[in-house]
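Notes to accompany the following structure.
Letters A, B, ... mirror the listed sequences (proteins, then strands); counts begin at 1.
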Amino acid sequence: MDIFAGLFNGFAIALSGTNILFCFLGALIGTAIGVLPGLGPAATIALLLPLTYVIDSPVTAIIMMAGIYYGAMYGGSTTSILLNLPGEAASVVTCIDGYQMAKKGRAGAALGIAAIGSFIAGTVAVVGLTFFAPPLAEFALDFGPPEYFALTTLGLLLAVTLSGGSITKGLIILIVGLLLAMVGLDPISGKIRFTFGSTGLQGGFDFVTLAMGVFGLGEILYNLESMMKTEIVTTKLGKLFPTLKDWTDSKWAIFRGSVIGFFIGIIPGGGSVISSLASYAVEKKYSKHPEEFGEGALQGVAGPESANNAASSSSFIPLLTLGIPGNAAIAMIFAALMIQGITPGPFLVAEHPDVFWGVIASMYLGNAMLLVLNLPLVGLWVQMLRVPYGILAPVIVLFTVIGVYSVQNQIFDIYSMLFFAALGYGMRKLKFDPAPLPLAFVLGPMVERSLRQSLLISGGDLTIFVTRPISGTLIVIFVLLVLGQLFFYLKRMMKR
Amino acid sequence: MKKSERIAAIITSLGGVWIMVYGWHTLKLGTIYIPDAGLLPFLCGAGLSVLGIVWLLILRSVKEREHEREEKRRLWHRPLLALVLMALYGWAMESVGYITSTLVFVIAWQKVIEREKWLKTMIIAALGTFAMYALFVYLLKVPIPPEFFIR
C-alpha cells in the first residue's frame with residue numbers, strides 16, 4: 001500500500017462518526033489537562049488507560065489517547081500566558097515571554113499566535129510523520145534481536161541523558177523500572193522472580209497500575225503538600241487573531257520551531273520539553289532584538305509553542321515504526337496499544353494499517369479541532385482554572401481507584417497502585433524525574449528478551465552486537481554518548 | 001533533604017547488593033551461552049549498587065541549597081493522610097461495598113485533608129460518588145463490589 005492510498009484509507013477510518021467523536025473528546029480532555037496545572041498528559045493518559053479495555057476498537061482508543069497528548073501541548077500555553085504557571089512541562093518556556101505579553105495587555109495576541117503556531121507545527125509534523133514513518137518501518141523489518149537490544153538500550157540511555165535532570169538519578173530510575181518489569185514469570189525459563197510467595201505478583205505488575213500510581217496518584221500526593229491556589233492575573237485577552245505585523249514577526253519562528261520540534265521529537269527522550277527549550281534558544285540567538293526576550297517577545301512564544309507541538313506529533317514515529325516509546329506519555333500509548341492486543345513496531349503498518357493510518361489521519365483532524373477549541377473557547381478554559389484543586393483531587397482519586405479496579409476486578413491492584421503512588425511521591429520528593437520509569441518498564445522485557453536471544457543465537461559471542469552494521473552503529477553511538485557524559489562530568493569536577 | 005537523600009542512596013546501594021545476591025544465588029546466572037533468569041537482575045543489582053555509591057559521592061560534593069529550607073515548610077502530613085485514607089478506602093470497598101465506602105472516603109477526604117465545611121463536603125461526596133457510579137457501572141458496565149446490606 002503506498003502512502004497516499006494508506007492516508008486515504010486512514011481518513012476514511014478517522015472520519016467515521018465514532019472516531020471523530022473520540023478524537024474530539026481526546027482533544028478536549030487534552031486541552032483541559034494542559035490548561036490545568038498539576039496534571040500532565042502522561043498522568044491523564046495513565047488515568048484513562050482502563051477505559052481502553054471497554055473501547056472495542058483499537059483505532060478509536062489510540063485516536064483518543066493521541067488527542068489527549070497533543071491537545072495538552074495546545075492547552076499548556078493558556079496557563080503559561082495567563083498565570084505564569086506552566087499547565088504542563090513543555091510550556092515552561094512560554095511563561096517567560098507569554099506572561100510578559102499578558103501583563104502588557106497582549107494576552108490575546110500571545111494566545112492566538114501560540115494556537116496558530118501549534119496548529120501549523122502540528123500539521124507540518126503530521127505531514128512528516130506521514131512520509132517518514134512508512135520507509136522507516138520498512139527499514140526496521142531487517143532488525144533482529146541484536147539490533148533491538150542496541151536500539152532499546154540506546155533509547156533508554158537517551159531518555160535519561162536528555163531529560164535534563166541528574167543522570168545518576170535517571171539511571172537509578174531506569175534500573176528500578178527494568179527490575180519492576182521482571183517481577184513475575186521469566187518469559188524464557190519460566191522461573192518466578194521477585195514475587196516473595198505472593199500469588200498476586202506471579203503475573204507481574206500491570207502497566208496501568210504502575211502508570212496510574214506513579215503518574216496519577218503520585219502527582220496528586222505531591223501537589224497535596226502545597227495549597228494549590230490559582231490566581232488569574234489577566235482576564236483581558238484583547239484580540240485573539242494576530243495582526244499582520246504579529247504574523248510577519250513570528251512566521252519564521254513558527255517554521256524553525258516546527259523543524260526543530262519535529263527532529264527532536266523523533267529522538268527517544270527528546271520530546272516536547274527539550275524541543276521548546278531548544279527553539280527558545282535558537283530564536284533568541286537569531287533575533288535582531290535579543291534584548292526583547294524575557295520582556296514579551298512574540299517569537300519567544302511562537303517558536304517554543306510550535307516546537308512542542310511538532311515534537312508531540314513526531315514522537316509517534318519511533319513508536320509506530322520501531323515499537324520504541326520515546327517519552328512517558330508515548331509509553332502510555334504503547335501500553336494502550338498492547339491492551340488492545342496490538343504490538344507497535346515495524347509490522348504495525350502491514351498488519352494493522354487501519355490503526356497506523358487511522359491514527360495519522362486523525363491527527364490532521366485533531367489539529368484542526370484544537371485550533372477551534374483553543375481560540376474561540378479560551379474564555380471557557382480561563383473559567384475552568386477557577387475550579388479548586390480541593391475538588392479536583394478527590395475526584396481524580398475516585399477515578400483512579402475504580403479505574404484500576406475495573407482492569408481485573410481485584411482489590412490487590414488498588415494496593416499495588418498505592419505502592420506505586422508512594423514510590424511516585426518519594427521520587428518527586430527526592431527530585432527524581434519519573435519519566436524513565438514507564439519507559440524502562442515497557443521496554444524491559446524487550447531488552448531482556450533481545451539480549452538473551454542474541455546470546456543464544458551467537459552461542460555466547462558478545463561480538464554479535466558490534467559485527468552487525470546497524471547494531472554496531474547503535475552501540476558505537478551508545479559508547480560515544482557514555483564517554484561524552486563521563487568527559488563532561490570529569491571536566492566539571494576538575495573545575496571545582 | 002540532604003539527609004533523606006543520603007539514606008535513599010544507601011538503601012539504593014544495599015538494595016542493589018541484595019538483588020545481585022538474589023539473582024546469582026536464587027535465580028542463577030546461567031552461562032554466557034545459555035543465560036538464565038538471574039542474569040539481568042544481577043546486572044541491574046550491580047548497576048544500582050554502583051549508582052547508589054555515585055549518588056552518595058555527589059551528595060558529599062554538593063552544598064546545602066537555600067531552597068531546602070522552603071521544602072521543610074511544605075505540608076508533608078497531607079500526602080501521608082491521603083495515602084492512609086486511600087488504603088482504608090481499598091479495604092472498605094471490599095468489606096462494605098463501593099457506594100458506601102466511596103461516600104465515606106470523599107467525606108473523610110474533604111474533612112481531614114481539605115478541611116471543608118459540611119455542606120460543601122456532602123455535595124462533593126454525593127456528586128462524586130454518583131458521577132463515578134454512572135460512568136463506570138452504567139456506562140462502562142464495570143462490576144463493582146456490592147453493598148454489605150444486599151449481599
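With a 4.5 angstrom heavy-atom cutoff, A:Leu451 touches chain B only via side-chain atoms. Heavy-atom distances place the side chain of B:Ile19, and not its backbone, under 4.5 Å from chain A. For A:Val395, the parts sitting under 4.5 Å from any heavy atom of chain B are the backbone and the side chain alike. Using a 4.5 Å cut-off between heavy atoms, A:Leu221 touches chain B through backbone and side chain atoms alike. Heavy-atom distances place the side chain of B:Gln110, and not its backbone, under 4.5 Å from chain A. The contact between B:Met86 and chain A is made by backbone and side chain atoms together, counting heavy-atom distances below 4.5 Å. At a 4.5 Å heavy-atom cutoff, A:Ile55 makes no contact with chain B through either its backbone or its side chain. Both the backbone and the side chain of A:Phe399 come within contact range of chain B, with heavy atoms under 4.5 Å apart. Heavy-atom distances place both the backbone and the side chain of B:Ala37 under 4.5 Å from chain A. Heavy-atom distances place the side chain of B:Ile124, and not its backbone, under 4.5 Å from chain A.
Looking at A:Ile457 and A:Pro145, their side chains come closer than 4.5 Å, going by heavy atoms from C-beta outward. A:Thr400 is listed as a side-chain neighbour of A:Met417, based on a closest heavy-atom distance under 4.5 Å.
Chosen from B:Leu40, B:Thr129, B:Leu43, the residue pairing most often with chain A at heavy-atom distances under 4.5 Å is B:Leu40. Interface check for chain A: of the options B:Ala9, B:Pro41, B:Gly16, B:Ala82, the most heavy-atom pairs under 4.5 Å are formed by B:Pro41. When A:Ile175, A:Val447, A:Ile391, A:Ile192 are compared by the number of non-hydrogen pairs under 4.5 Å with chain B, A:Ile175 comes out ahead. For the set A:Gly403, A:Ala421, A:Pro394, the count of heavy-atom pairs under 4.5 angstrom toward chain B peaks at A:Pro394. Between chain B and the residues A:Asp461, A:Val176, A:Val397, the largest count of heavy-atom pairs under 4.5 Å involves A:Val397. With chain B as partner, the option from A:Ile172, A:Ile414, A:Leu171, A:Asn409 having the largest number of non-hydrogen pairs under 4.5 angstrom is A:Ile172.
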List the atom pairs, with distances to 0.1 Å, where a side-chain N or O of residues 182-189 of chain A and a protein N or O form a donor-acceptor pair under 3.5 Å, not counting sequence neighbours.
from: A:Asp186; atom 1: OD1; to: A:Arg452; atom 2: NH1; distance (Å): 3.0
from: A:Asp186; atom 1: OD2; to: A:Ser189; atom 2: N; distance (Å): 2.9
from: A:Asp186; atom 1: OD2; to: A:Ser189; atom 2: OG; distance (Å): 2.4
from: A:Asp186; atom 1: OD2; to: A:Arg452; atom 2: NH1; distance (Å): 3.4
from: A:Asp186; atom 1: OD2; to: A:Arg452; atom 2: NH2; distance (Å): 3.0
from: A:Ser189; atom 1: OG; to: A:Lys191; atom 2: N; distance (Å): 3.3

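More than 12 heavy atoms of other residues, nucleotides or ligands shown are found within 6.0 angstrom of CD1 on B:Ile10.
Aromatic ring centres of A:Phe205 and A:Phe441 lie farther apart than the 6.0 Å criterion allows. A ring-centre distance under 6.0 Å is found for B:Trp55 and A:Phe432.
The aromatic rings of B:Tyr133 and B:Tyr98 sit parallel to each other, their planes meeting at less than 30°, with 60° as the upper class boundary. The aromatic rings of A:Phe194 and A:Phe196 lie perpendicular to each other, with more than 60° between the two planes, well past the 30° mark.
Using a 4.0 Å cut-off between charged side-chain N and carboxylate O, A:Glu225 and A:Arg428 make no salt bridge. Checked for salt-bridge contact, B:Glu5 and B:Arg60 miss the test: no charged N lies under 4.0 Å from a carboxylate O.
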